Visitor: 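Sharing a structure below in structure tokens format, with a few things to ask.
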Amino acid sequence: MTWKEAIIEILRQNNAAMHYLDITEKIVEQHLVSFSGKTPHNTVSNTLTTTIKKFGSESPFVYFGDAIYGLNGSSNEILNNDESTEQKFVEGSQKTVYVNRYERNAKARKECLEHYGHKCWVCGFDFEQTYGKDIGKGFIHVHHIVELASIGSEYEVNPITDLIPLCPNCHAMVHRKVPAMSPQELKKKLT
Ligand SMILES: [Zn+2]
Ligand SMILES: [Zn+2]
């Protein structure tokens with residue numbers, strides 16, 4: 001895997017923008033790239049900057065300021081419907097919005113997973129168990145139960161009641177209905 005591919009992979013897993021040092025930490029932790037004697041964070045930083053410089057708006061990466069990078073386009077889907085929060089928080093610069101959102105999401109996601117673990121809440125799928133520690137560890141989607149469009153801007157995410165870990169299959173299935181089905185409802189449909 002190239003550094004560029006590894007960065008894309010980590011940002012996909014995280015489903016939200018990240019500080020490049022956190023991206024580096026994850027790449028090293030998951031052994032996504034084999035390297036020796038280098039300073040990986042410099043390589044990650046250089047890869048991000050040169051890719052953005054070279055491809056501009058076609059680049060897979062977007063820079064949000066303050067060393068925070070995300071994926072271009074829809075891949076930042078973390079707490080699903082995040083776009084609506086973003087709209088509501090637009091006060092001041094785009095940069096502030098994204099950084100706040102990043103911090104909020106990363107913290108909420110972490111607390112949710114500390115509570116529920118990394119298995120899919122609906123089907124019990126465990127990425128680490130199936131695919132191994134190397135690539136499976138820490139991978140899971142986090143679904144936002146409350147429809148963000150229906151709540152106010154003062155809303156604080158409760159990581160236990162509002163978020164739930166789902167595998168990509170179950171995550172796609174709850175979103176087959178609009179508004180999304182509850183995880184409980186989907187669990188009942190499991191045959
Ligand atoms: Zn599942
Ligand atoms: Zn979702």
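We count residues from 1, following the sequence as given. In each ligand, atom 1 is the first atom listed, and ligand 1 is the first ligand listed. The shown structure was predicted, so the numbers you read here are calculated from the model rather than taken from an experiment.
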Visitor: So, Q30 versus Q13: side-chain donor-acceptor pair below 3.5 Å or not?
Guide: yes
Visitor: Counting only heavy atoms not in K187 (residues, nucleotides, ligands), do more than 12 fall under 6.0 Å from its NZ?
Guide: yes
Visitor: Same cluster or not: are F61 and F55 linked, directly or through other Ile, Leu, Val, Met, Phe, Trp or Tyr residues, by side-chain heavy atoms under 4.5 angstrom apart?
Guide: no
Visitor: What N, O or S atom of H143 is found closest to the Zn ion (ligand 2)?
Guide: ND1
Visitor: Between E185 and K189, is the closest basic N to carboxylate O distance under 4.0 Å?
Guide: no
Visitor: Looking at the Zn ion (ligand 2), is there an N, O or S atom belonging to H175 that lies under 2.8 Å away from it?
Guide: yes
Visitor: Please find out if the Zn ion (ligand 1) and some N, O or S atom of C123 are separated by less than 2.8 Å.
Guide: yes
Visitor: To the nearest 10°, what's the angle at the Zn ion (ligand 1) between atoms SG (C120) and SG (C167)?
Guide: 110°
Visitor: Take the angle between the ring planes of Y69 and Y63 and call it parallel below 30°, perpendicular above 60°, tilted in between.
Guide: tilted
Visitor: Any N/O/S atom, backbone or side chain, of H144 lying under 2.8 Å from the Zn ion (ligand 2)?
Guide: no
